[in-house]
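I have placed the structure first, in the form of C-alpha cells, so that the comments after it can refer back to it.
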Amino acid sequence: MIQFKKIDYVAVLLVTLLSAFSFEAQEIKPAKKLHGEMPLFEVENPDFETSPHTGMTKKHWEDAAQYLLEGAFSYIDNLDDPMKFPKLPGKSYPHDIGRVPTEKLEGLVRTLFVAAPLLKKNPDLTLNGIKVAEYYQHQIPKLIDPESPAYIKPRGNGGPSQNLVEYGALAISLFISPETLWEPLSQENKDGLAESMLSYGDGPTVPSNWKFFNIFVLSFFDAQGYDVNKSLLEEYLNKSLADYRGQGWYNDNPAYDYYSMWAFQVYGPMWATVYGDENYPEIAKAFKTNFQDLVYHYPYMFAEDGKMIMFGRSISYRIASISPFPFTGTLQDDTINFGWLRRISSGTLLQFLQNPDFLLDRIPTLGFYGHFEPAVQVYSARGSVYWMGKAFLGLLVPDDNPFWTAVENEGPWDATFEKGRVYNKYQSASNILITDYPNLGASEIRAWCHERKADDWQGFRSSENYNKLSYNSAFPWQADGKKGEISMNYVFLNEKEEWEPWRLYTFKKYEDGIYYRDAVLETNDQVSMQLAEMPLPNGILRVDKQTSTVPVKMRLGHYALPKLDGKEIKQSTKKVNGKTVTIIDNGEYQLALVPLMGWEKTEFVSASGLNPVSAKSTTINVATNFWPQAKTNIYATLMLWKKSGENWNDEELMPVEDISVNDNTVAVLMLENELHTINFD
C-alpha cells in the first residue's frame with residue numbers, strides 16, 4: 001500500500017523530470033513565427049431566441065473550440081511537427097533542454113482536450129490542410145518510440161512527474177474518442193502505450209487532484225482488458241472522495257480554488273460515466289452526489305454577465321472554470337436552471353475569446369487577458385494554457401440535452417436579486433464566502449490562504465493569487481509593488497524595510513453578515529490583526545482591530561482600476577458628513593475610499609506593470625504608523641464602487657452614521673437605525 005506524505009507536487013515535478021525523459025536530439029529553439037494574428041472570435045448567425053444574452057448555442061461552442069484549435073494547428077505543416085509554441089518571457093518553462101519534451105507533450109495532450117470532442121462528431125476534421133485525427137494518431141505512438149524526440153521514458157523507480165499528469169489527460173481523451181484515437185493504433189502500439197502509461201498510473205502520486213491521473217490511466221487500460229493494479233485504483237478513488245468537504249468544494253491540499261471545479265468536479269462525474277457506473281457503482285454514485293452539490297453554490301461565483309473571477313493559481317486555464325456546467329445536464333434534477341448555467345458558461349467564453357489581448361502568436365497568453373507575469377507559475381509552458389480545453393468536454397453532452405435547449409436567462413440576477421441589496425452565500429464546509437452585488441452585477445469571493453513565503457519556493461500559494469482580502473469579478477487582482485503599492489490587502493514595513501502583505505490568515509467565523517479572520521505577519525508574529533468585513537450594496541465596510549505588540553508602518557489598499565483606451569483615470573475628493581471621500585474613475589468603474597477611524601493619510605497610488613488589464617493603473621491607499629500605546633486600535637474603512645457615469649449621493653458614500661468602541665466590541669450604526677455589532681473574540 002502506498003503511504004501518502006506531505007509533498008510539494010511542483011517540486012517533485014521538477015526534480016523528477018530529468019529522470020523521466022530522454023533528452024537526445026533536443027534543443028531549445030523558438031517555435032516558428034507566424035505572420036498575422038487571428039481575428040477576434042465572432043458569434044456567427046447568433047440565436048437570440050434560445051440565447052437572448054449571448055446568442056451562443058452548442059454550434060457556437062463548437063465554433064469556439066475549432067477557433068482555438070485552428071490557432072494551434074497553424075503551427076502544424078506536416079504530421080511530424082510538434083505542438084510547440086513561442087515561449088513568453090519570464091518564469092514559464094522551458095529554460096533548459098531537459099524540459100523541451102515536456103513542453104511538446106503538454107501541447108499535444110492538452111490541445112487534444114479541444115480536439116477530442118470535435119473528432120467525436122467529425123472524425124474527418126481538417127485544419128491547416130492537416131487531418132486532425134491523423135495528426136494525433138501519428139503523434140501518440142511517438143511517445144513510446146525510443147528513436148523519437150517525443151519519447152517518454154517509462155517511470156522506472158521515479159516519483160510522480162508531469163508525465164503522470166499528461167498521461168492521465170491522454171487517458172481521458174482515449175475514453176472520449178477511442179474510435180479515432182485508440183482503435184486505429186496497431187496492437188504493438190497499443191501494448192507499448194499501455195506499458196508506458198501504466199508505469200506512471202500504477203505508481204505514486206500527489207495527494208491532490210493528481211490522484212485522478214492515476215485513476216484514469218488505470219481505468220482506461222482495465223476497460224481495454226489489460227491487467228491493472230485494482231487495489232491501487234480503489235485506494236486513489238477513496239482518497240479522492242475523502243477530499244470532499246461539502247457544498248460542491250473539494251480541498252486540493254490545501255487550497256480551495258478552481259481546481260475543485262475544473263479538476264475534481266469534472267474528473268469524478270466523467271470517470272463515473274465512462275467507467276465507474278459499470279465497475280464501481282457506489283463510488284460513482286458518490287462522485288455524482290458531490291457534483292450535484294455544486295449547482296446550488298458555485299454558479300453564484302460568476303458575475304451577472306457570466307464573467308469569472310481572477311483567483312487562484314493556473315488562472316491561464318481561464319474558461320476551464322465553466323467545465324462542470326454542461327455536465328449538470330446529465331443530472332435528473334428539474335430544479336436546475338440550465339438556461340442560467342449556459343448563460344454563465346457562454347459569458348465566460350466570450351469574456352476571453354472577444355478580448356483583444358487573449359491571443360498572441362495565435363495562442364492564448366499566460367495571463368488572464370494578455371500576458372501577466374505575476375500570475376504565471378513555474379510549471380506552465382505556453383501549451384499548458386490548453387488545459388482550458390476541458391470547457392469543451394461539455395460538447396459531449398447531447399444536442400437535445402436541456403443544458404443546450406433551455407432558454408438562456410440570468411437566474412437570480414434577474415429573478416431574485418434586488419438592487420440596493422447584497423447577497424452572501426457562506427460555504428460552512430470550506431469557510432468560503434461568495435458575495436453577489438446586484439448594483440454592480442459583480443461577484444466576489446473570500447477563501448483560504450495560509451502559506452509562508454519561506455516555504456513556498458515556487459511562489460504561488462503565498463502570493464497575490466491567494467493572499468488578497470477578497471477577489472472580485474469586476475476588478476482583477478493587481479500585483480503588489482515594491483514601494484508599498486497595494487490593492488485589496490494590508491502591507492507592513494518589516495525589519496528588512498520591505499513591504500510585506502498578509503498571507504497567514506486564520507478563519508474565525510461568519511456571523512450576521514460579517515466575515516472574521518485573524519492575520520499575523522510571517523516575518524514577525526508580534527504584528528497581528530483581527531479582521532472583520534461586511535459586504536454592503538455598494539462595497540465593503542472593514543472594521544479591523546490592531547493587536548500588534550510592536551510599532552509598525554501599515555497601509556491598506558482598495559481594488560485597482562486599469563487605464564483603459566487611452567483615457568486618464570480621474571481623481572477627486574469631497575467631504576461628506578465631515579469625512580473625506582477619495583474617488584477614482586477609469587471610464588468603466590468608480591472606486592471610492594472613506595477612512596472612518598484610525599487612518600492618518602489617504603493617497604492616490606499609480607502603478608506600472610502591476611495590473612493584468614493595462615500597463616498603467618491606479619488604486620487608493622490609506623496609511624498610518626501604529627503604536628501599541630495609541631488611543632485607538634480600530635481601523636474602520638469604507639471601500640465602495642459604482643459604474644462610471646453613475647452619480648453618488650451622500651447616503652451611498654457615507655452609509656455609516658456612527659461607530660462606537662467598547663473593548664472587544666464595535667457597534668456600527670448604519671443609516672435608518674440599522675445596528676451591527678462586531679465581536680472580536
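Numbers here are sequence positions counted from 1.
- The existence of a salt bridge linking D681 and K509 is confirmed by a sub-4.0 Å separation between a basic side-chain nitrogen and an acidic carboxylate oxygen.
- Checked against the 6.0 Å centroid threshold, F325 and F302 count as a close aromatic pair.
- Proximity of a side-chain donor or acceptor of T547 to a complementary backbone N or O of S528 within less than 3.5 Å is detected.
- Within 6.0 Å of NZ in K616 there are 12 or fewer heavy atoms belonging to other residues, nucleotides or ligands.
- A centroid separation of 6.0 Å or more is found between the aromatic rings of Y317 and Y258.
- Although no hydrogens or angles enter the test, the distance criterion places a donor-acceptor pair under 3.5 Å between the side chain of N439 and the main chain of G420.
- Remark: R318 engages no residue in a salt bridge (charged side-chain N to carboxylate O under 4.0 Å, His left out) (not counting sequence neighbours).
- For the residue pair L469 and E533, the shortest heavy atom distance occurs at O-OE1, 3.8 Å.
- For the pair K91 and E373, the salt-bridge criterion is met [side-chain N within less than 4.0 Å of a carboxylate O].
- No side-chain heavy atom of D544 sits less than 4.5 Å from a side-chain heavy atom of M597.
- Aromatic ring centroids of W502 and F492 lie under 6.0 Å apart.
- Salt bridge present: R313 and D252 bring a charged side-chain N and a carboxylate O closer than 4.0 Å.
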Exercise for review: Please assess Y515 against F507 for the test ring-ring contact (aromatic ring centres under 6.0 Å, His included), listing each intermediate value before the final yes or no.
Suggested key: CA-CA 8 Å; Y515 193 78; F507 174 79; 5.2 Å; yes
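- Between Q478 and S617, the shortest heavy-atom contact is OE1-OG, 2.7 Å.
- Under a 4.0 Å N-O distance rule, the pair E568/K570 does not qualify as a salt bridge.
- Proximity of Y298 to K425: side-chain heavy atoms (C-beta onward) are nowhere separated by under 4.5 Å.
- Minimum heavy-atom separation, E646 to Q590: O-NE2, 2.9 Å.
- The neighbour count for Q526 CD, taken as heavy atoms of other residues, nucleotides or ligands under 6.0 Å away, is above 12.
- A perpendicular orientation is assigned to the rings of Y466 and F311, their planes being inclined by more than 60° (bins at 30° and 60°).
- A salt bridge between D565 and K567 is absent, with no side-chain N of the basic residue lying under 4.0 Å from a carboxylate O of the acidic one.
- Remark: N649 CG is packed, more than 12 non-hydrogen atoms of other residues, nucleotides or ligands lying under 6.0 Å away.
- With hydrogens and angles ignored, the 3.5 Å screen pairs no side-chain donor or acceptor of E485 with any backbone N or O of N621.
- Under the 30°/60° scheme for interplanar angles, the aromatic rings of F680 and Y516 are found to stand perpendicular.
- A donor-acceptor contact under 3.5 angstrom links the side chains of D585 and S644, judged on distance only.
- Taking the six-membered ring wherever Trp is involved, the centroid distance between the rings of Y369 and F358 does not fall below 6.0 Å.
- A pairwise comparison of heavy atoms in I569 and I584 identifies CG2-CB, 4.0 Å as the closest pair.
- Aromatic ring pairs are classed by plane angle as parallel below 30°, tilted from 30° to 60° and perpendicular above 60°; the pair Y256 and W249 is perpendicular.
- Ring geometry for Y589 against F475 counts as perpendicular: the plane angle is over 60°, on a 0 to 90° scale with 30° as the lower cut.
- Between D650 and K579 there is no salt bridge, since no side-chain N of the basic residue sits under 4.0 Å from a carboxylate O of the acidic one.
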Check your understanding: Step by step, would you call K642 with E652 a salt bridge (charged side-chain N to carboxylate O under 4.0 Å, His left out)?
Key -> CA-CA 10 Å; K642 264 183 178 286; E652 291 169 332; 3.2 Å; yes
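- The neighbour count for K601 NZ, taken as heavy atoms of other residues, nucleotides or ligands under 6.0 Å away, does not exceed 12.
- Shown here for P535 and V422, the closest heavy-atom pair between the two residues is O-CG1, 3.5 Å.
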Check your understanding: When you look at F368 and F352, which way does the ring-ring contact (aromatic ring centres under 6.0 Å, His included) test go after all the steps?
Key -> CA-CA 8 Å; F368 194 59; F352 298 101; 5.1 Å; yes
